[in-house]
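For the numbers below, each heavy atom of this structure counts, side chains included, while hydrogens, waters and symmetry mates do not. Please read these numbers as outputs of a predicted model, since none were measured by experiment.
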Amino acid sequence: QVRLVESGGGLVQAGGSLRLSCAASGRTFGRYKMGWFRQAPGKEREFVAAISWSGGSVYYADSVKGRFTISRDNAKNTVYLQMNSLKPEDTAVYYCAADPGAVATRTSGYDYWGQGTQVTVSS
């Protein structure tokens with residue numbers, strides 16, 4: 001099985017930056033896509049960003065495009081989410097996910113999930 005552990009969340013002021021990390025351990029897939037999702041109180045989990053195994057294909061939600069950057073280091077089995085120009089509406093629990101299939105922007109496209117890390121952006 002694959003275990004995903006997120007880290008890097010915290011409390012920041014609007015306009016600030018955070019860098020989230022997601023480390024995979026266990027029986028990882030040789031070539032798996034990775035994604036980031038977030039869930040705010042009372043809201044459904046929504047797509048944030050995704051990246052293919054090679055890093056050649058990336059996707060972003062319109063709400064974060066131009067502000068967030070997803071990247072990965074396959075040697076470390078780690079995916080990152082650099083978040084700049086943070087806004088209060090970015091406040092949510094952020095989850096990373098992994099799956100051996102094609103890049104997807106839906107929760108159903110991922111089999112493995114982390115426990116989440118809280119990101120709070122104050123005004």
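Under 3.5 Å, the side chains of Y32 and D111 contain no donor-acceptor pair of N or O atoms. Inspection of the T78 and D73 side chains reveals no N or O donor paired with an N or O acceptor under 3.5 Å.
Heavy atoms of other residues, nucleotides or ligands lying less than 6.0 angstrom from CD of E89 number more than 12. For E46, the CD atom is densely surrounded, since the number of other residues' heavy atoms within 6.0 Å is greater than 12.
Taking the side chain as every heavy atom from C-beta outward, Y60 and T69 approach each other to under 4.5 Å.
Judged purely by atom type and a 3.5 angstrom limit, R67 uses its side chain to pair as donor or acceptor with the backbone of S85. Although no hydrogens or angles enter the test, the distance criterion places no donor-acceptor pair under 3.5 Å between the side chain of Q82 and the main chain of R19. Checking side-chain atoms of K33 against main-chain N and O of G109 turns up a donor-acceptor pair under 3.5 Å.
Taking all atoms of both residues into account, the shortest heavy-atom contact from R72 to S52 is NH1-O, 2.9 Å.
Distance check, rounded to the nearest 0.5 Å: OH of Y80 to CD1 of I51 gives 11.5 Å.
Grouped with V5 in a hydrophobic cluster is no other residue, since no side-chain heavy-atom contact under 4.5 Å to another Ile, Leu, Val, Met, Phe, Trp or Tyr is found. If you chain together ILVMFWY residues whose side-chain heavy atoms come under 4.5 Å of each other, L11 ends up in a group of its own.
F47 has its ring centre less than 6.0 Å from the ring centre of F37.
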